Protein chains: 2
Amino acid sequence: MALDTTDLSILNKLQANAQLTTKEIAAAVNLSVTPVHDRIRKLERAGYIERYVALLNRKKLGKSLVVYCNVTLDKQRKESFEEFNAAVSRLPEVLECSVVSGSFDYLLKVIANDVEAYNAFYQQNLSVLQSVLHISSFFVMSEVKSTTEIPI
Amino acid sequence: MALDTTDLSILNKLQANAQLTTKEIAAAVNLSVTPVHDRIRKLERAGYIERYVALLNRKKLGKSLVVYCNVTLDKQRKESFEEFNAAVSRLPEVLECSVVSGSFDYLLKVIANDVEAYNAFYQQNLSVLQSVLHISSFFVMSEVKSTTEIPI
DNA sequence: GTTGAAACCGGTTGTCT
DNA sequence: AGACAACCGGTTTCAAC
C-alpha cells in the first residue's frame, strides 16, 4: 500500500493527538469527512497505526526513576537469549529492551519508584537470571526529551 | 489528589487502549457510565493522563533503524548543556534524550531510515555541535520489547 | 472524491435517589 | 457517588453525483 502526502498528514496529526475528530482532520487536509474516515480505517487495517493509547504521567504515578541498563549475557549457554527475552517480556518495569551492537548485548529502559525499588527489582528479577553475565545501570538524572512521534 | 484502585484500573485500561468507551470501562470496573466519565475527566485535568496518541509502525514508515547514542559534552564550556538541550529538542529524529549518571552525559534514542541516513544525521546535526566532545553509537539489531505502558 | 440524509452510538448534562 | 433520561455531536453507511 502506498501512502500519499494526505495519508502522511493524517498520520502525523493522529500521532500528535488521537482525539482529533474526523471533522477536524478533514478541515486540516482540505477533504470532506467521508474520505478521511476511509483513509484512517485503511491506515489502521494496513498496520500503519498500531494502536491508540493514553500516555500517563510517570512521576505522578510514583515512578520517578528511569534507569537504562546495559546487559551482557553468558553466550556460552545457547539458551541465554531465549531465556532473557522471555524474562524481560514478562517484567512490566522494563519498558524497552533492545539487542544492540557494540560492547554489550542488551539495552533496557526500566522504571521504578526510587533507587531502593530499582535495587530490589535488579536483585530479584535481573541478576538472578542464569543467562546474565554482567549489568551496568545508568540512572536518568533529567529527561530532556521524550516523544512517541515518528518524524514523517 | 489521591487515587483509589478504581482510578488506577481506569488509567491502566486507557494506557493499553484509548479507544475503550466509557461504557466498556464502566462495565470492567463495575460502575455506571457517569462516575467513570467524571473520573476520567478528573484524571485528565489533574495531569495523570498527559495525552492521547496514535502509535505508528516505525518500520512501515521507512524508519527501520534505531540507534542509541552516548554523548559526552565539553564541560569546559558552560553554555554546553543549554546548547545541546536546545539542539536536541529541535531534532525530530531524536525520540528520547536523557541526562544520565556514569561515564557519559547523555543517552539519546534516534531513528533513521538506514545506516546511511543515520550517518548523514550524525554528521550534520550532532557532530557539528560545539558542545559535543564525543559520541558513541549503538545500533539496535532487534527490538525485544517496546511499550509506553507504566506498571500500575 | 463530494454531498446530503439517516441510523447509530457514545458523550454530556441535569435530575433524582 | 450512582442511576436514569433526554439531548447533542460525531461516526458510519448509503445513495446519488
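It should be emphasised that the depicted structure is a prediction, and the values quoted were computed from it without experimental measurement. Letters A, B, ... mirror the listed sequences (proteins, then strands); counts begin at 1.
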Enquirer: Identify, with sequence neighbours excluded, every residue that meets ring pair (Phe, Tyr, Trp, His ring centres under 6.0 Å) alongside A:F121.
Expert: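 Counting only residues at least two positions away or on another chain, A:F121 forms no ring pair (Phe, Tyr, Trp, His ring centres under 6.0 Å).
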
Enquirer: Reading DNA chain C in the 5' to 3' direction, which nucleotide is the first one with an atom under 4.0 Å from a heavy atom of chain A, and which is the last?
Expert: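 Contact boundaries, 5' end first: C:dG1 to C:dT3.
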
Enquirer: I want to check one thing: is the phosphate of D:dG2, taken as OP1 and OP2, less than 4.0 Å away from some side-chain N or O of B:S32?
Expert: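 Checking D:dG2 against B:S32, no side-chain N or O comes under 4.0 Å of OP1 or OP2.
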
Enquirer: When you measure from the side chain of B:S98 to the backbone of B:V100, do you find a donor-acceptor pair of N or O atoms at a distance under 3.5 Å?
Expert: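 Not confirmed, B:S98 side chain does not pair with B:V100 backbone.
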
Enquirer: Please assess B:R41 against B:D38 for the test side-chain contact (heavy atoms from CB on, under 4.5 Å), listing each intermediate value before the final yes or no.
Expert: CA-CA 5 Å; B:R41 280 300 103 78; B:D38 292 347; 5.9 Å; no

Enquirer: If every non-hydrogen atom of A:H37 is compared with every non-hydrogen atom of A:T22, which pair is closest and at what distance?
Expert: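 It is N-CG2, 3.7 Å.
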
Enquirer: Does B:K145 reach the main-chain N or O of A:L91 with its side chain, forming a donor-acceptor pair under 3.5 Å?
Expert: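 The answer is yes, because a donor-acceptor pair under 3.5 Å joins these two groups.
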
Enquirer: Please examine the side chains of B:Y48 and B:L3, heavy atoms only from C-beta on, and report whether any two atoms are closer than 4.5 Å.
Expert: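 SC-SC contact between B:L3 and B:Y48 confirmed.
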
Enquirer: Should the pair B:F139 and B:Y118 be assigned to parallel (<30°), tilted (30 to 60°) or perpendicular (>60°) ring geometry?
Expert: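 Perpendicular: the ring planes of B:F139 and B:Y118 meet at over 60°.
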
Enquirer: Going 5' to 3' along nucleotides 10-17 of chain D, which nucleotides have protein heavy atoms under 4.0 Å from the base (write B), which only from the sugar-phosphate (write S), and which from neither (write -)?
Expert: SSBS----

Enquirer: Taking atom CD as the centre, does A:Q123 end up with more than 12 heavy-atom neighbours from other residues, nucleotides or ligands that are less than 6.0 angstrom away?
Expert: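 Yes.
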
